[in-house]
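A short write-up of the structure that comes next.
Here the structure is a predicted model, which is why all the values come from computation and not from measurement.
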Amino acid sequence: MIKTMSFAVIHFFVAFSVGYIMTGDIVIGGALALVEPAVNTVAFYFHEKVWNRIKKTEPKHNKTLVAA
């Protein structure tokens, strides 16, 4: 969860900066900084959960050598 939160802080800053640079409007930059990263952070959290579940269900490679 800490990884997700640090990602959110960076994402908020980037979203505000891009919104402000593109529009010159602090309100629009602020709105983008609140809405888009919040949605993206939730999506990222669930992406990580699904990714970890997939990794757990992958078959493990058998490293035992079989003599012929």
Side-chain angles (χ1 to χ4, degrees):
M1 189 66 165
I2 292 173
K3 178 181 173 185
T4 301
M5 295 311 296
S6 69
F7 174 77
V9 169
I10 292 168
H11 201 133
F12 281 113
F13 176 75
V14 170
F16 174 80
S17 299
V18 170
Y20 179 73
I21 289 168
M22 290 182 72
T23 65
D25 189 334
I26 290 176
V27 173
I28 293 174
L32 284 172
L34 293 175
V35 174
E36 192 276 335
V39 172
N40 204 0
T41 298
V42 171
F44 177 77
Y45 174 77
F46 287 107
H47 173 269
E48 287 286 301
K49 289 184 80 66
V50 170
W51 186 266
N52 288 334
R53 182 172 289 165
I54 290 169
K55 294 301 267 181
K56 286 180 183 177
T57 61
E58 285 182 354
K60 303 218 185 306
H61 296 288
N62 189 353
K63 296 185 180 192
T64 306
L65 295 176
V66 177

Please tabulate, for side-chain N and O atoms in residues 6-16, each donor-acceptor pair with protein atoms closer than 3.5 Å (sequence neighbours left out).
| residue | atom | partner | partner atom | Å |
| --- | --- | --- | --- | --- |
| S6 | OG | K3 | O | 3.0 |
| H11 | NE2 | E36 | OE1 | 2.7 |
| H11 | NE2 | E36 | OE2 | 3.4 |

If you look only at distance, which donor and acceptor atoms sit under 3.5 Å apart when one is on a side chain in residues 19-31 and the other is two or more places apart or in another chain?
| residue | atom | partner | partner atom | Å |
| --- | --- | --- | --- | --- |
| T23 | OG1 | G19 | O | 2.7 |
| T23 | OG1 | D25 | N | 3.1 |
| D25 | OD1 | V27 | N | 2.8 |

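Criterion: ILVMFWY side-chain heavy atoms under 4.5 Å apart, direct or through other members. Under it, M1 and W51 are not part of a common hydrophobic cluster.
Interatomic distance, CG of N40 versus NE2 of H47, reported as 10.5 Å (0.5 Å rounding).
Residue V39 shares its hydrophobic cluster (ILVMFWY side chains chained together at separations under 4.5 Å) with no other residue.
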